[in-house]
Colleague: 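Before we start, here is the structure in question, set down as structure tokens.
The figures that follow rest on heavy atoms only: side chains count, while hydrogens, waters and symmetry mates do not.
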Number of protein chains: 2
Amino acid sequence: MVTNKNCINRLSKYKNALARLKSLGFVKVFSDNLADAIGVTAAQVRKDFSLFGLSGSKRGGYNVDELIKSLNEILGKNKVQKVIIAGAGNIGTALMNYPGFEKEGIQIVAAFDISQDRQIEAKIPVCPLEEMKDFIRKNKIKIGIIAVPDMAAQSVLDLMTASGIEGILNFAPIRLNCSGDCIVNNVNFVFELENLIYHVSGLDKNKGQ
Amino acid sequence: MVTNKNCINRLSKYKNALARLKSLGFVKVFSDNLADAIGVTAAQVRKDFSLFGLSGSKRGGYNVDELIKSLNEILGKNKVQKVIIAGAGNIGTALMNYPGFEKEGIQIVAAFDISQDRQIEAKIPVCPLEEMKDFIRKNKIKIGIIAVPDMAAQSVLDLMTASGIEGILNFAPIRLNCSGDCIVNNVNFVFELENLIYHVSGLDKNKGQ
DNA sequence: TAGATTGTTAATCGATTAACAATC
DNA sequence: TAGATTGTTAATCGATTAACAATC
């Protein structure tokens, strides 16, 4: 199994690019086209595809429909992916209302929070945190998002993994310990900005400021 | 100049770990301590430090205060970093209210939106998008966040770079073209979840489901 | 057929890790 | 001094790119 995050990421990008190309009337594409579309080399595209057993024909390139179908399968697009959110604060709420999930077959099915007066502007039910465990089990949820305050993040993760969650997207800016068959991806806004600050400071220094 | 994103990221992690260690009373640390704290090898820590000219003493490790000071300088913590947001929708608002920025010296100074009835729950002024250019110039803002709908993202980027922005954090899930001395970091929630979906589907397959 | 493109192998590049001399 | 730790060089690992035979 390929675990390189950048590589999986490129599959998502290929998928998006192919949807665009299809809508433009493309029936087949060459590694060149896709490379240009997502900003990598043609060799990279062919290498990625061979890694996942995606093949084309020597002279005719890749069939757009087949490629989309295969990528969708790899990325779990053949069924609706149910996701829950822990934490109905600013970020949790933004994710509940995020318009980009639906057309990608990602469905936020519920949110959980200790505070109950948060039935605000979301179309999605916000339930007490105590109900999370049962909900995950009953609905066989595999993916959870952590958007609770730092202090609560580790215990929420423990609760999630104990209930059967296998993949977590964590927005709390602390290091979480995860045991067993569960992977955690972190999104850290401060780190993202610090990275930009580093680059910008470097730029300015080179200009002699 | 080091451009490896993971490496810069580790600097942020070292900084955070050092703050914790300092609060626990540590005056000096060894590469070993920091390695454990952020989950890398001691060799990685020493390599990173040598890359940025951070040095310790052969037997006595690194001085915590000195290290914090140096890292703060590299990451631009010696002054308040002013950031603007384009787009006062769900994500933009969440970022305006994000509690983690202040203590890191990151200040969201203004948001801009085409729609004006968004003076909602934010402490930060939401201004018309037409005022963005002047604001960036007058206040010498170098960093901007794009949280507008996909359709508007490229034109907002062009506006930002034309006004003097040098670093952009983009939340719109499309590929943006950026010319010249400006770097763009992307945060894509769908990709993050698709990555998890891929891993989870793989896990389940191995279990024979 | 001649030309173009894939699929794969080998080469390169970059990042991480191991090893160890220097030295506190 | 003896022991422990840094700083750096060399080795390893992994990912990307180049090259090219196979072939449509």
Side-chain angles (χ1 to χ4, degrees), chain A residues 1-14 17-18 21 26-71 74 183 191 195 198-199 202, chain B residues 1-14 17-18 21 26-71 74 183 191 195 198-199 202:
Chain A
M1 188 183 186
V2 181
T3 52
N4 177 354
K5 195 175 175 191
N6 285 333
C7 183
I8 312 298
N9 232 269
R10 285 195 298 270
L11 296 191
S12 292
K13 291 181 187 175
Y14 296 137
L18 282 162
L21 291 167
F26 281 69
V27 172
K28 59 183 190 179
V29 285
F30 304 118
S31 52
D32 231 19
N33 304 135
L34 280 168
D36 287 349
I38 79 160
V40 297
T41 63
Q44 180 79 273
V45 175
R46 296 198 298 277
K47 184 75 179 192
D48 286 339
F49 285 4
S50 86
L51 235 45
F52 288 92
L54 308 173
S55 60
S57 69
K58 290 273 179 187
R59 181 73 178 69
Y62 303 86
N63 178 291
V64 171
D65 283 328
E66 277 177 30
L67 210 44
I68 290 176
K69 191 153 167 278
S70 303
L71 287 169
I74 295 168
I183 69 157
F191 288 179
N195 183 274
Y198 167 77
H199 282 284
Chain B
M1 189 182 183
V2 181
T3 52
N4 177 352
K5 196 176 174 190
N6 285 332
C7 183
I8 311 299
N9 232 269
R10 286 196 297 271
L11 296 190
S12 291
K13 291 181 185 176
Y14 296 137
L18 282 162
L21 292 168
F26 282 68
V27 172
K28 60 184 189 179
V29 285
F30 304 117
S31 52
D32 232 19
N33 305 135
L34 280 169
D36 287 348
I38 79 160
V40 297
T41 64
Q44 180 78 273
V45 175
R46 296 199 298 278
K47 185 73 178 192
D48 285 341
F49 285 4
S50 87
L51 236 43
F52 288 92
L54 307 173
S55 60
S57 69
K58 290 271 176 186
R59 180 76 178 67
Y62 303 87
N63 179 291
V64 171
D65 283 329
E66 278 177 28
L67 210 45
I68 290 176
K69 192 155 166 275
S70 302
L71 286 169
I74 294 167
I183 69 158
F191 287 179
N195 184 273
Y198 167 77
H199 282 283

Colleague: Please work out which residues in residues 52-67 of chain A have a non-hydrogen atom less than 4.0 Å from an atom of DNA chain D and list them by number.
Modeller: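 Result for residues 52-67 of chain A: A/K58, A/R59, sorted by number.
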Colleague: Quick check for you: name the first and last nucleotides of DNA chain C, 5' to 3', having an atom under 4.0 Å from a heavy atom of chain A.
Modeller: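 Answer, 5' to 3': C/dG3 to C/dT9.
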Colleague: Report yes if some heavy atom in the side chain of A/C7 is under 4.5 Å from a heavy atom in the side chain of A/F52; otherwise report no.
Modeller: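 Of all side-chain heavy-atom pairs linking A/F52 with A/C7, at least one is under 4.5 Å.
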Colleague: Distance from A/K13 atom NZ to B/F191 atom CZ, nearest 0.5 Å?
Modeller: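 Here the interatomic distance stands at 6.5 Å.
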Colleague: Does any part of the side chain of B/L54, heavy atoms only, come nearer than 4.5 Å to the side chain of B/L71, both counted from C-beta?
Modeller: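 Yes. Closest side-chain heavy atoms under 4.5 Å.
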Colleague: With nearest nucleotide decided by heavy atoms, which residue, B/K47 or A/T41, maps closer to the 5′ end of DNA chain D?
Modeller: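 On the 5' side of the pair lies B/K47.
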Colleague: Donor-acceptor check, side chain of B/D48 to backbone of B/V45, threshold 3.5 angstrom: yes or no?
Modeller: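 No.
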Colleague: What's the spacing between B/L11 CG and B/F49 CZ if we round to 0.5 Å?
Modeller: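 Rounded to the nearest 0.5 Å, the CG-CZ separation comes to 7.5 Å.
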Colleague: Mind checking B/N4 for me? I need base, sugar-phosphate or nothing, with any heavy atom below 4.0 Å counting as a touch.
Modeller: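 Sugar-phosphate contact only.
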Colleague: Going by atom type alone, with no hydrogens or angles, which donor-acceptor pairs under 3.5 Å involve a side-chain atom of residues 58-67 of chain B and a protein atom two or more places apart or on another chain?
Modeller:
residue: B/N63; atom: OD1; partner: B/D65; partner atom: N; Å: 2.9
residue: B/N63; atom: OD1; partner: B/E66; partner atom: N; Å: 2.9
residue: B/D65; atom: OD1; partner: B/K22; partner atom: NZ; Å: 2.6

Colleague: Report the residues that fulfil salt bridge (Lys or Arg N to Asp or Glu O under 4.0 Å) with A/D36, sequence neighbours left out, ordered by chain and then residue number.
Modeller: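 Testing A/D36 for salt bridge (Lys or Arg N to Asp or Glu O under 4.0 Å), a comparison that skips the adjacent residues, returns none.
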Colleague: Nearest heavy-atom pair of B/S31 and B/R46: which atoms, and what distance?
Modeller: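 For B/S31 and B/R46, the tightest heavy-atom pair comes out as OG-NH1, 3.1 Å.
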Colleague: Who passes salt bridge (Lys or Arg N to Asp or Glu O under 4.0 Å) against B/K69, sequence neighbours left out?
Modeller: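 With sequence neighbours excluded, B/K69 shows a salt bridge (Lys or Arg N to Asp or Glu O under 4.0 Å) to no residue whatsoever.
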Colleague: Side-chain contact test, heavy atoms from C-beta onward, threshold under 4.5 Å: evaluate it for A/T3 versus B/H199 and give yes or no.
Modeller: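 SC-SC contact between A/T3 and B/H199 confirmed.
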Colleague: Give the dot-bracket line for DNA chain C from 5' end to 3' end: parentheses for intra-strand Watson-Crick or G-U pairs under 3.5 Å, square brackets for crossings, | for inter-strand pairing, dots for unpaired.
Modeller: ..||||||||||||||||||||||
